[in-house]
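Residue numbers begin at 1 in each chain, while the letters A, B, ... track the order of the sequences. The figures here come from the full heavy-atom set of this structure, side chains too, leaving out hydrogens, waters and symmetry mates.
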2 protein chains.
Amino acid sequence: MQNSFTEENYLKIIHALSGREGQEVSTNALAESTSTRAASVTDMLRKLADKGLIHYKKYQGVRLTETGEKVAINVIRKHRLWEVFLVEKLGFGWDEVHDIAEEMEHIPSDELVERLDAFLGHPRFDPHGDPIPDAKGNLTEPDYLILTDVSLGEKVLMMGVLDHAPSFLQHLDRSGITLGCVIEITEINEYDKSASVRINGSHSLFISLEVSKNLLVQRR
Amino acid sequence: MQNSFTEENYLKIIHALSGREGQEVSTNALAESTSTRAASVTDMLRKLADKGLIHYKKYQGVRLTETGEKVAINVIRKHRLWEVFLVEKLGFGWDEVHDIAEEMEHIPSDELVERLDAFLGHPRFDPHGDPIPDAKGNLTEPDYLILTDVSLGEKVLMMGVLDHAPSFLQHLDRSGITLGCVIEITEINEYDKSASVRINGSHSLFISLEVSKNLLVQRR
DNA sequence: AAAAAAATTTAGATTAACCTAAAAATATAT
DNA sequence: ATATATTTTTAGGTTAATCTAAATTTTTTT
Ligand SMILES: [Mn+2]
Ligand SMILES: [Mn+2]
Ligand SMILES: [Mn+2]
Ligand SMILES: [Mn+2]
């Protein structure tokens, strides 16, 4: 028995919301993320539990089972590989690919995924800097810093984004902030935590706390 | 209002069954092709008619409207472009791609199709020799011959297949019959219409009527 | 430890896409 | 021109995924 489009989406979202420690995810959090009502979530949770994809006890929240985790990670693998394809091969912008990948991630065919992976040269990260699980289902989240945790004067590498919204990504494009660029913090305003930064040692610009909060970076 | 996966499949099948002249398609023919029951087809026809995608009068069979035709051809365009991608870029065999393309054809995004088309170099034909509709929705079926219509001694080019089943395509692979190869008819057996042919002027082989019936060819 | 608030589940509907069985329309054969 | 057969439609259900409203459980506050 195959998992439906909808079931796969639930698993992927449970994976995302339960975070690194695999914490319990609440019905309401899922209703929010799936844009459905809590009652609909409860129905689906019962179904996923019956299929052995989640651990579920009424009123207690849910966690993925080993099987559920495997399915979720495979969907994530496909999503991120297709995003690489769309950007690297078809020339889409990183702000344009998420919704398309959201559809492509559900195409079933292990052979397809493996061939796509090879065609793309076994990429390790997607266009947003998110790690791509390997064929065996290993997904290691690199431990990046958020730019707000970086001190005045430090130089860091831009490694990823927390907000994947097109509007945010387009804002970064306009600011000249791209994956891999060097960000040096030249000023921090105590009042609102806004900052001035220098990009790749050349142009300077002002960024708000909202932007800093959504930038993943790494010390060099 | 978007068309569902299922609706798109119906339109594509109606297009295929109504042929060049856009003849009426019967409920039973659709039930057969969709692997559903006639009663289910009737339900769907009412819906497609309400959406203005088909002309439908009870007991009279159906034809596509202009709009329905556009949708059908766009699905066919996507199907065939993805098949080219799978064969040319991912290295799949022509016998392996149909089912995958059957899923990919429903991914909605005009931008995606146009970029894919450009990435593939605007191919005119898919891996089975079927013509790919252009971006404006023009689809011109070349008028090929069926190999059974070719006389003894003639040399023709292999241009396509009527049967797209993996088993048939694999049989052609084993026989060394590929798209574009030269087929010379060296013998026809009156009894069962089987034939001996020479491929690319080199190796000879015996082919049954069943095979000849499914090969599209062109005089040079 | 009650009471109030919040979260979750249950009950009962709805819609899309299917089904079977029965009725009606059309086509074919005598 | 009837009778028979075939095709198609209608009637009435089912399942997956959703919904609203009501009931229940858990959490938080007083
Ligand atoms: Mn994405
Ligand atoms: Mn991504
Ligand atoms: Mn095909
Ligand atoms: Mn094809």
Interatomic distance, [X] [atom1] vs [N] [atom2] [rounded to whole Å]:
{"X": "Arg46(B)", "N": "dA16(C)", "atom1": "CZ", "atom2": "C1'", "value": "13 Å"}
{"X": "Asp50(B)", "N": "dA16(C)", "atom1": "CG", "atom2": "P", "value": "11 Å"}
{"X": "Gln60(A)", "N": "dT27(D)", "atom1": "CD", "atom2": "P", "value": "7 Å"}
{"X": "Gln2(B)", "N": "dA16(C)", "atom1": "CD", "atom2": "C1'", "value": "16 Å"}
{"X": "Lys57(A)", "N": "dT9(C)", "atom1": "NZ", "atom2": "P", "value": "13 Å"}
{"X": "Asn3(A)", "N": "dA16(D)", "atom1": "CG", "atom2": "P", "value": "13 Å"}
{"X": "Lys51(B)", "N": "dA16(C)", "atom1": "NZ", "atom2": "P", "value": "9 Å"}
{"X": "Leu45(B)", "N": "dT8(D)", "atom1": "CG", "atom2": "C1'", "value": "10 Å"}

Qualifying residues under salt bridge (charged side-chain N to carboxylate O under 4.0 Å, His left out), relative to [X], sequence neighbours excluded:
{"X": "Asp192(B)", "answer": "none"}
{"X": "Lys58(B)", "answer": "none"}
{"X": "Arg124(A)", "answer": "none"}
{"X": "Arg63(A)", "answer": "Glu24(A)"}

Answer yes or no: does a side-chain N or O of [X] lie under 4.0 Å from OP1 or OP2 of [N]?
{"X": "Thr27(A)", "N": "dT9(C)", "answer": "yes"}
{"X": "Lys58(A)", "N": "dT26(D)", "answer": "no"}
{"X": "Tyr56(B)", "N": "dT8(D)", "answer": "no"}
{"X": "Asn28(A)", "N": "dA6(C)", "answer": "no"}

Exercise. Classify every nucleotide of nucleotides 18-25 of chain C by which part a protein heavy atom approaches to under 4.0 Å, writing B for the base, S for the sugar-phosphate alone and - for neither, in 5'-to-3' order.
Key: BBBB--BS

Quiz item: Is a side-chain donor-acceptor pair under 3.5 Å present for His164(A) with Asp130(A)?
Solution: yes

Quiz item: Considering residues at least two apart in sequence or located in another chain, which fulfil the ring pair (Phe, Tyr, Trp, His ring centres under 6.0 Å) criterion with Tyr59(A)?
Solution: none

Exercise. Assert yes or no for the condition that the ring centre distance of Phe85(A) to Phe85(B) is strictly below 6.0 Å.
Key: yes

